[in-house]
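What follows is a set of notes on a single structure, which appears directly below.
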Amino acid sequence: MCGIVGFVGHKNAANKIINGLKRLEYRGYDSAGIALVEKGSGKLCVIKTAGKIADLEHEVQSGYSGSSETGIGHTRWATHGKPTKDNAHPHATEFIALVHNGIIENYADLRKRLASYGISLYSDTDTEVVAQMISFLFSKGASPLEAVQQTISLIQGAYAFGVVFNKHPEMVICARQGSPLAVGTDVDGRLSLGSDAVALSGFASQIIYLESGDIAQLYSNGNLNIFDKENNEVKRQWQPIDKDQAAPDKKGYEHFMLKEIFEQPSTIKNTLTHYIGRAVNKTDNVLETNIHPSGLNWNQINHITIVACGTSYYAGLVAKYWFEKYARIPVEVDVASEYRYRTPPIYEKSIGIFISQSGETADTLAALRYMRSLGHMCAAIVNVPTSTLAREADAVLPTFAGTEVSVASTKAFTAQMTVLAYMLIEALKTRNCIDLSADFAKEILDINELISRALDTMQKLAPLAKKLSKAKDIIYFGRGALYPIAMEGALKMKELSYIHAEGYAAGEMKHGPIALIDKGMPIIVLCPYDKDGLFHKVVSNICEAETRGAQISVLTCNKGRALFKEMGLKYSTYLYPETTQFTAPMLYSIPVQFLAYLTALNRGVDIDQPRNLAKSVTVE
Ligand code: AGP
């Protein structure tokens, strides 16, 4: 989603801004721009493009010959107004230029107000009202800081913005409310600003994550003034930039997504190592597992509410199956954008679990704030430990997946399920289901091995992916904890290949969706054998679809395939290691990710940055 960078007092600021924007490309965007303030003349130079950073870089190289040391840059993910050059940021007037991430909800009122001052707007965006208002107040004699403070008092919504003034080439002002924003400093004390640490890594050695409501003035001499929401000057803590957040590298893989799919055995292992220990008792060779305490008191928890979006939501749905079946704890799972608007009942002895790769998803954050405002204990499962969600939650259970660059989430998803599996194991142990807890701990400690074996056979999906790449619609079937994986498979397919796909609980098919099936419709079925599971039920559902002309492909295990043979059913089958109902969702995530990847590869689309999508969705 929209990304911001800015530099003050840096030689060749234009280059640095372009490099910073390149680091933000992974977030997803559709237009970009840059504003520079000339040192001597105070001239503002704004260059924008409706295309990619490479186009912007070209325009800057060919159209800018100044030597500015101060400037701001932006990648825009369009919300209000199409992705055109006019709507791209920075939004500029004679006096100022501004970049913004977020949504100004009362922009229509502010437009009217500006019109009453005789100011008309050139773009269709919500952002331009902020630029025009700051500029208007500044032109009427307010200082830059006063102009920003007075404008902020008028706006409603979420924002992170950076603003430069023609008469102040020595300064950048930035502010945030809701949307994330950080200030960086390099070893020589030169300041910068960015949407996240990734934008600033390579320029800054330390970073301050601004608090919601903060306004900061960054000066070229290294002075930094920060004011909180009451306009009191405050000090915020510098933190070293995490090396992990340095500019990402494909390490020889064709795409980040492919690299991230193949990293899963090690990212799961990293995550497990943090939560569950394994030791071999030398005397009798018994495998011991040691469950590290999370600080959550499972004896005091009788209800769980899980809130998340997209892929993270599906991790929550898997956890619902696990916790209800094995720990007998009732679980509600909500998509974050719905949660706080449905006025949910609040339960005694309940915990909220908020799941997010980025930790910056606006809907998930708003839901967390809502639940905390009701006095509830909220835990966060996040992949970015410095994120807003991690900072605002009462307890944090990090995933150790490392930076995920591909917009389509893969390794973060399996790491989220790993943490949820650990939480289940800890809950079972605390609630006196010691044996089941120990069995699950042993099983989960082996999942990375099973996933490695599955990854070795992934290319076998290539012919299927080739066929799927020509499909108009694809259906995924799953039951039990594989139903969320069917939905996740369909989401991955939609995101990457732009083919319409849906995941169904296989038994639900006959209640309506079966009407969609006609000759040749591809159906991908997640159907490993499981002794007390739903294998035979899924087989019946497959038969119902096949009789109506569907083309069935089954992801299963050896035992599953043998049973299909015994029943005389001849489907294309793809084989994966034996699992249990507990570990199956993690293992079967891998082929559905890979299938979506290969299908997109056949269609020649942009795999790491699919159209219209953003890596962290920082607006509601
Ligand atoms: C997954 O492939 C998506 N791009 C998307 O659904 C994502 O999972 C969702 O936006 C939630 O993001 P978060 O985990 O960073 O909160």
Side-chain angles (χ1 to χ4, degrees), residues 1-2 26-29 77 178-180 195-196 198 255-258 260-261 264 267 306-319 333-339 352-369 378 380-390 392-393 396-399 401-420 484-485 487-498 501 503 589-590 592-597 599-600 605-620:
M1 200 142 270
C2 298
Y26 80 98
R27 292 164 73 102
Y29 69 104
W77 186 84
S179 308
S195 293
D196 60 25
V198 176
H255 297 99
F256 280 109
M257 182 181 180
L258 190 61
E260 288 160 5
I261 288 176
Q264 289 176 101
T267 51
I306 298 180
V307 185
C309 301
T311 291
S312 301
Y313 167 73
Y314 294 135
L317 281 183
V318 170
V333 192
D334 266 77
V335 281
S337 53
E338 286 298 313
Y339 177 67
I353 302 178
F354 293 77
I355 310 173
S356 173
Q357 185 287 127
S358 61
E360 300 296 351
T361 303
D363 287 317
T364 310
L365 271 168
L368 174 104
R369 287 172 187 146
C378 295
I381 298 178
V382 281
N383 197 38
V384 182
T386 48
S387 62
T388 314
L389 197 72
E392 293 193 14
V396 182
L397 290 102
T399 49
T403 306
E404 189 179 68
V405 178
S406 162
V407 166
S409 185
T410 53
K411 61 176 183 170
F413 178 55
T414 46
Q416 289 164 348
M417 285 191 283
T418 305
V419 174
L420 289 160
I485 305 304
M487 290 191 279
E488 167 61 6
L491 176 67
K492 286 278 103 71
M493 187 60 83
K494 282 186 259 213
E495 283 188 291
L496 291 159
S497 68
Y498 318 145
S589 300
I590 311 298
V592 299
Q593 294 168 352
F594 210 80
L595 198 55
Y597 172 81
T599 307
V605 291
D606 187 344
I607 290 186
D608 284 332
Q609 285 167 37
R611 70 179 180 204
N612 303 339
L613 297 184
K615 183 65 186 159
S616 56
V617 183
T618 52
V619 294
E620 264 199 76

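Each ligand, and each atom within it, is numbered from 1 in the order the structure gives.
- Those atoms of ligand 1 that come under 4.0 Å of a heavy atom in Gly310, given as number and element, are 6 (O).
- Within the listing of ligand 1, atoms 8 (O), 13 (P), 14 (O) sit less than 4.0 angstrom from a heavy atom of Ser312.
- Considering both main-chain and side-chain atoms, Val407 comes within under 3.5 Å of ligand 1 through a nitrogen or oxygen pair.
- The side-chain hydrogen bond (donor to acceptor under 3.5 Å, both in side chains) test applied to Thr311 returns Glu488, Lys492, not counting sequence neighbours.
- When atom types are taken as modelled, the side chain of Tyr498 and the backbone of Arg611 share a donor-acceptor pair closer than 3.5 angstrom.
- A search for side chain to side chain contact (heavy atoms under 4.5 Å, CB included) contacts involving Ser312 returns Ala308, Ile355, Gln416, not counting sequence neighbours.
- For atom 3 (C) of ligand 1, the nearest non-hydrogen atom of the protein is Glu495 OE2, 3.1 Å.
- In terms of protein heavy-atom proximity, atom 9 (C) of ligand 1 is nearest to Cys309 O, 3.7 Å.
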Check the pair Asp608 / Val407 against side chain to side chain contact (heavy atoms under 4.5 Å, CB included), numbers first and verdict last. CA-CA 6 Å; Asp608 284 332; Val407 166; over 6 Å; no
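- Between the side chains of Thr388 and Glu360, at least one donor N or O lies within less than 3.5 Å of an accepting N or O.
- Backbone and side-chain nitrogen or oxygen atoms of Lys615 are examined, and none is located within less than 3.5 angstrom of a nitrogen or oxygen of ligand 1.
- Expressed to the nearest 0.5 Å, how far CH2 of Trp77 lies from CG of Leu613 amounts to 8.0 Å.
- Among protein heavy atoms, the minimum distance from atom 10 (O) of ligand 1 is reached at Val617 CG2, 4.0 Å.
- Using a 3.5 Å distance cut-off with no hydrogens or angles, the side chains of Thr414 and Gln264 do pair a donor with an acceptor.
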Which is it for Ile353 and Val307 under the side chain to side chain contact (heavy atoms under 4.5 Å, CB included) test, yes or no, and what are the steps along the way? CA-CA 6 Å; Ile353 302 178; Val307 185; over 6 Å; no
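- Counting the atoms of ligand 1 from 1 in the order shown, those under 4.0 Å from a heavy atom of Ser409 are 1 (C), 2 (O).
- Close approach to Lys492 involves these atoms of ligand 1, each under 4.0 Å from a residue heavy atom: 1 (C), 2 (O).
- Not a single heavy atom of Glu360 sits closer than 4.0 Å to an atom of ligand 1.
- Here the CZ-CD1 distance, from Phe354 to Ile381, works out to 11.5 Å after rounding to the nearest 0.5 Å.
- Heavy atoms of Leu613 come nearer than 4.0 angstrom to ligand 1 in no pair at all.
- Between Ser356 and ligand 1, at least one pair of N/O atoms sits closer than 3.5 Å.
- Among all non-hydrogen protein atoms, the one lying nearest atom 15 (O) of ligand 1 is Ser358 OG, 2.7 Å.
- In terms of protein heavy atoms, atom 12 (O) of ligand 1 is closest to Thr361 OG1, 3.6 Å.
- With rounding to the nearest 0.5 angstrom, the OG1 atom of Thr403 is 10.0 Å from the CZ atom of Phe256.
- The shortest contact between atom 7 (C) of ligand 1 and any protein heavy atom is with Thr311 N, 4.1 Å.
- The Ala408 neighbourhood of ligand 1 comprises atoms 2 (O), with distances under 4.0 Å to a heavy atom of that residue.
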